[in-house]
J.: 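Below: one structure in structure tokens.
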Amino acid sequence: MKLLDEDEGINPALSVVNLVDVFLVLVAALLIAIAQNPLNPFMAEDVTVIKNEGKDNMEIIVKKGNKIESFKSQGQTGSGSGKKAGTAYEMTDGSIIYVAE
């Protein structure tokens, strides 16, 4: 048979198969690196995520340990009674300073 006697260096399909293997190993390594990233917010014990902040369909998702709670906005502005506790100032660099009274 001619296929069995063919030189492996001539067949271009073999090099493509080797490239696919290399890319599979690379993708697996990247996925492992992403999953073990210490900046991954879902690796922490307690996480709070705010979706659509300031809009009518705002949602707050709170994860404490293994318990996950979701709070959805009703689209209304909150109100209540209380007293002034201090003043907040926004600096030119964008930071906010709170001064208690």
J.: Would you compute the distance between atom CD of E69 and atom NZ of K64 and round it to the nearest 0.5 angstrom?
T.: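 Interatomic distance, E69 CD to K64 NZ, rounded to 0.5 Å: 7.0 Å.
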J.: Does any non-hydrogen side-chain atom of M91 lie less than 4.5 Å from one of I96?
T.: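 I96 does not reach M91 side chain to side chain.
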J.: For M58, what are the other residues in its hydrophobic cluster, where any two members join if their side-chain heavy atoms are less than 4.5 angstrom apart?
T.: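 Noted: M58 shares its cluster with I50, I60, V62, F71.
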J.: In Å and rounded to the nearest 0.5 Å, what is the NZ to NZ distance from K72 to K51?
T.: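 With rounding to 0.5 Å, NZ (K72) is 7.5 Å from NZ (K51).
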J.: Roughly how far, to the nearest 0.5 Å, is CG of L26 from CG of D21?
T.: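 The distance works out to 12.5 Å.
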J.: Can you list everything that forms a side chain to side chain contact (heavy atoms under 4.5 Å, CB included) with L24? Sequence neighbours excluded, please.
T.: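 Once residues adjacent in sequence are excluded, the partners of L24 under the side chain to side chain contact (heavy atoms under 4.5 Å, CB included) criterion are V20.
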J.: Is the shortest side-chain heavy-atom distance between Y98 and T87 below 4.5 Å?
T.: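 Of all side-chain heavy-atom pairs linking T87 with Y98, none is under 4.5 Å.
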J.: Just to verify, what does N18 make a side-chain hydrogen bond (donor to acceptor under 3.5 Å, both in side chains) with, not counting sequence neighbours?
T.: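 With neighbours one apart ignored, the set is empty.
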